[in-house]
Amino acid sequence: MEEKLNISVVVPLYNEDESLPELHEWITRVMRDNKFTYEIIFVNDGSTDRSWNVIESLAERDAHVHGIKFRRNYGKSPALFCGFKAAQGQVVITMDADLQDSPDEIPELYRMITDEGYDLVSGYKQKRYDPLSKTLPTKLFNATARWVSGIKNLHDFNCGLKAYRSEVVKNIEVYGEMHRYIPYLAKNAGFDKIGEKVVHHQARKYGHTKFGLNRFVNGYLDLLSLSFLNKFGKQPMHVFGFLGTLMFIVGFIAVVVVGAVKVTHLINGTPAPLVTNSPYFYIALTMMLLGTQLFLTGFVAELVSRSSSSRNDYQIEKEF
Ligand code: UDP
Ligand code: MG
């Protein structure tokens, strides 16, 4: 059987033609100095500049270079997904194409995976060279992500420079804009040896950032979805059914109160107030309606998740 490569470097890129030759040269130098067997997979995410021409000409000169070209721009997560699928190495390293991440970090990241047994090691740009408008919200974002995901030791979820044991990338599915939460995806898949390494960071040399401030809004929404999916994705009825039933019971009690008051008055022959005069009537109405809605939502969600093709996907680590 063919020996597995030591390292696959996966580089998602969108309009980064100026950086690519320098990045390629730098990665190559590091790989040679450390005698790694390797491949570099450039995933061209629908660039409209000369990026693809550059990749083709690099590949002509260097057999380590592979290219994947999207017909249009899909985003960083889809680019990573396809890069992960193609990767052959024992350890997969992702890095941004803009030269903000340093290839000099690769040997140590590789060592942490192979020798220290980490499943995933994330870079941590402790000293960043980005504008304040980005670094400040990033701090908040990471604090929330740490809290929601329960991965307490990560400071920089969205760092483009990460290293993975190959099983990790083959067993998680990055989609949408979930590249921000790969450590969380990995953890949910059962890969919980997640580490961090402080890495050097540089200001962008060429081009400009591809993500605006809306990254934070979308980032938070994605985090909510992930946390919800993880907790209730497989049994939505457990949350909706519970809330629905609870509300329905409260509503039902209110109905009984309203009804009992009315009936007592009737029995005693005293003039009974209209049920619509009682606040309990409105509580009953709202609660029973909401309760039914929630319950039905839960039931529909249950049917949807039951017919999903991944309903019986489990992470099996070993089998004989
Ligand atoms: N990127 C991509 N597709 C996109 C947007 C970005 O492949 O739709 C790549 C981009 O070329 C870069 C990496 O993702 O290699 C990180 O993007 P960027 O440097 O703009 O993000 P920032 O460093 O500002 O977080
Ligand atoms: Mg960048």
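Whatever order the structure lists ligands and atoms in, that order sets their numbers, starting from 1. Fair warning: this is a prediction, and the values are worked out from it, not measured in the lab. Residues take their numbers from the sequence shown, with the count starting at 1.
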4.0 Å heavy-atom contact, G160 with ligand 1: no
Within-shell test, K134 vs ligand 1, heavy atom, strictly < 4.0 Å: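 Yes; K134 lies near enough to ligand 1 that a heavy-atom distance drops under 4.0 Å.
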Under a 4.0 angstrom heavy-atom cut-off, which atoms of ligand 1 come close to [X]?
X: D98; result: 19 (O), 23 (O)
X: R204; result: 18 (P), 19 (O), 20 (O)
X: Q100; result: 19 (O), 23 (O)
X: D45; result: 2 (C), 3 (N), 4 (C), 7 (O), 8 (O)

Residue part near ligand 1, for E16, under 4.0 Å between non-hydrogen atoms: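 Just the side chain.
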Residue part near ligand 1, for N15, under 4.0 Å between non-hydrogen atoms: neither
Could you find the nearest protein heavy atom to [atom] and give me its residue, atom name and distance?
atom: atom 21 (O) of ligand 1; value: F211 CD1, 3.5 Å
atom: atom 7 (O) of ligand 1; value: L13 N, 3.3 Å
atom: atom 1 (N) of ligand 1; value: Y14 CB, 3.9 Å
atom: atom 25 (O) of ligand 1; value: R215 NH1, 3.1 Å

Backbone or side chain, does any N or O of [X] fall under 3.5 Å from an N or O of ligand 1?
X: T209; result: yes
X: P12; result: yes
X: A97; result: yes

Sphere of radius 2.8 Å around the Mg ion (ligand 2) - protein N, O or S atoms inside: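 Short answer, with waters excluded from the count: D98 OD2, Q100 OE1.
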Geometric cation-pi criterion K193 and F191, 6.0 Å radius, 45° cone: no
